[in-house]
Trainee: 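Quick one: structure below, then a few questions.
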Amino acid sequence: MKTFKMFVDFDKEEAWLNRKAAEGWGLVGAGLLYTFAPIAPGSAVVRVDYRPSMSAGDFDDYRNLFWDAGWRH
């Protein structure tokens, strides 16, 4: 499923994405359109974390930190 929606508040975007996850739609892509795939309802939690100025190496380290904690990017 693809949906067009715009946000200016990360907290509202995060809340909307978590409602979609609770309904059984997991986020698989974001850009101009949000792309969702079916998941078990309530099986995912979405967190929005925007980092506009991070080098590629720092981003890899940052992503690996969360991967090691069991999160998936």
Side-chain angles (χ1 to χ4, degrees):
M1 170 178 71
K2 293 186 179 195
T3 303
F4 175 77
K5 192 147 175 100
M6 294 180 64
F7 292 92
V8 294
D9 182 322
F10 291 132
D11 292 331
K12 289 180 180 178
E13 179 181 22
E14 188 175 284
W16 179 73
L17 291 169
N18 279 301
R19 282 194 304 278
K20 298 300 274 182
E23 295 168 1
W25 293 102
L27 180 68
V28 294
L32 184 58
L33 296 174
Y34 290 87
T35 305
F36 297 92
I39 61 170
S43 65
V45 175
V46 178
R47 295 289 179 242
V48 175
D49 185 15
Y50 179 66
R51 306 285 173 170
S53 59
M54 190 178 285
S55 72
D58 287 344
F59 180 70
D60 285 340
D61 291 342
Y62 182 74
R63 190 176 53 196
N64 286 332
L65 172 73
F66 292 109
W67 181 266
D68 291 342
W71 296 21
R72 204 175 76 197
H73 181 265

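Starting from 1, each residue takes its place in the sequence as its number.
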Trainee: For A22 and P41, work out which heavy atoms get closest and say how close.
Mentor: O-CB, 3.3 Å
Trainee: Could you grab the distance from atom CE of M1 to atom CG of L33, nearest 0.5 Å is fine?
Mentor: 11.5 Å
Trainee: For the atom pair NZ (K20) and NZ (K5), what is the distance rounded to the nearest 0.5 Å?
Mentor: 8.5 Å
Trainee: With a cut-off of under 6.0 Å to the ring centre and 45° to the axis, is K2 in cation-pi contact with F36?
Mentor: no
Trainee: Determine whether V45 and W67 fall in the same hydrophobic cluster, where Ile, Leu, Val, Met, Phe, Trp and Tyr are linked whenever their side-chain heavy atoms lie under 4.5 Å apart.
Mentor: no
Trainee: Kindly compute the distance separating CG (N18) from CZ (R47), expressed to the nearest 0.5 Å.
Mentor: 5.5 Å
Trainee: Drop me the distance from S55's OG to D61's CG, to the nearest 0.5 angstrom.
Mentor: 8.0 Å
Trainee: Calculate, to the nearest 0.5 Å, the distance between atoms CD1 and CH2 belonging to I39 and W25 respectively.
Mentor: 10.0 Å
Trainee: Heavy atoms, side chains only, cut-off 4.5 Å: are Y34 and W16 in contact?
Mentor: yes
Trainee: What distance do E13 atom CD and L27 atom CG have between them, rounded to the nearest 0.5 Å?
Mentor: 8.5 Å
Trainee: Side-chain contact test, heavy atoms from C-beta onward, threshold under 4.5 Å: evaluate it for F10 versus K12 and give yes or no.
Mentor: no
Trainee: Would you indicate whether the side-chain heavy atoms of F59 and N64 approach each other to under 4.5 Å?
Mentor: no
